[in-house]
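Here is the structure we will look at.
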Amino acid sequence: MGLLAFFRRSQPTASVAKERLRIIVAQERSSRNAPDYLPLLRREVMEVIRKYVNVDPEAVQISVEKEGGHEVLEFSVALPEKAAG
Amino acid sequence: MTEIIVVTSGKGGVGKTTTSASLACGLAKRGKKVAVIDFDIGLRNLDLIMGCERRVVYDFVNVIQGDCTLKQALIKDKRLETLFVLAASQTRDKDALTAEGVRKVLDDLIADGFDYIICDSPAGIEKGAHLAMYFADRAVVVVNPEVSSVRDSDRILGLLASKTAHAEKGDTKVQEHLLLTRYSPRRVATGEMMSVEDVKEILGLDVIGVIPESPDVLSASNAGNPVILNAESDASMAYEDSVARLLGETLPLRFLEEPKKGFFARMFGG
């Protein structure tokens, strides 16, 4: 590494990469064995919710969890904080 | 007992063919009888990396379609007695590869007493990649410490868990290993690149090798002489370690830290 490169060193972004991957990989793993209709179901439910509350797509989580002998369709929507004023 | 090992990754350009070639050479150097097969139909490249491109007469699809015998299509390596290459076909017909055809070729190699069959998978998750992993007993997932490669590897791990003969029969699980390539200890130290531990933690797999970023890899491809055969190279030593681990040895990972440089070398480039 030369003198110039020493001062022009780029930002440490590895931790950002790791955090983003941790989230997306977990999300993709949970939908791996999920039924095919899940993405469509998610989209339609989103549209219904959006008629009433303006939520971010990221705030809607949908997953199928196996519990004992049965499967549970889990749906979680984080509502936005009340706008100021 | 023949072991079928798929070298796969999902993402292209991460070093699958380089890894297939080096693992095959390393196993053959230890006296194992090895066949390395290129599954990238239409985009044959293993022959170039192995340096036998001008000796390809018959290919994988020719064998499957009965145009020649398996013996005629296997290219005997000029450096290692017990190493054979089966080239991919350059046909554009992707359906030329069939599960039945692949099974027949693998069965013939098993009957012929091969110890290892290395299946060099194409990138992507299409037919070639599917068939390369379908009959595997073990998988070496090649990954770069970079977001798209890690995500694609996880996708491949999902397929290995469901779309292989072992998974469908439900007998044994395909044994999965991670192999990191293009690893730059310097960039890991400065926090610009994810570390072995980071990648291991995200994918939850054991690491069978870490190959440092090295100019020797390009030189090896240029010359058609797999990098593992260049004994002075760090990349070669890292591949040798990976082969030893494949064979069950326990070795600590090497080349995870930047070689120490003096003050002047650091300040003025060295």
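These numbers were taken from a predicted model, which means no experiment stands behind them. Every chain is numbered from 1 and lettered A, B, ... according to where its sequence line falls, protein lines coming before strand lines. Atom set for the values below is all heavy atoms of this structure, side chains included, hydrogens, waters and symmetry mates excluded.
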Taking [atom1] in [X] as the centre, count heavy atoms belonging to other residues, nucleotides or ligands within less than 6.0 Å. Is the count above 12?
{"X": "Glu168(B)", "atom1": "CD", "value": "yes"}
{"X": "Gln61(A)", "atom1": "CD", "value": "yes"}
{"X": "Lys163(B)", "atom1": "NZ", "value": "no"}
{"X": "Arg155(B)", "atom1": "CZ", "value": "no"}

Exercise. Report the option among Glu146(B), Arg151(B), Glu201(B) that has the most heavy-atom pairs separated by less than 4.5 Å from atoms of chain A.
Key: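 It is Arg151(B).
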
Practice problem: Can you see which heavy atom on Val147(B) is nearest to which on Leu21(A), and at what distance? | Solution: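 Closest approach of Val147(B) to Leu21(A), heavy atoms only: O-CD2, 3.5 Å.
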
Practice problem: Would you name the heavy atoms of Glu192(B) and Ala14(A) that are closest together and state the gap between them? | Solution: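 Nearest heavy atoms, Glu192(B) then Ala14(A): C-CB, 3.9 Å.
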
Quiz item: Where on Met193(B) is there a heavy atom nearer than 4.5 Å to chain A: the side chain, the backbone, both, or neither?
Solution: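 Only the backbone of Met193(B) comes within 4.5 Å of chain A.
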
Quiz prompt | Reported CG-to-CZ distance for the pair Asp198(B) and Arg22(A), which is rounded to 0.5 angstrom | solution =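 Separation between the atoms: 8.5 Å.
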
Quiz item: Atom CZ of Arg187(B) and atom OG1 of Thr13(A): how far apart are they, to the nearest 0.5 Å?
Solution: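 One finds 8.0 Å between CZ of Arg187(B) and OG1 of Thr13(A).
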
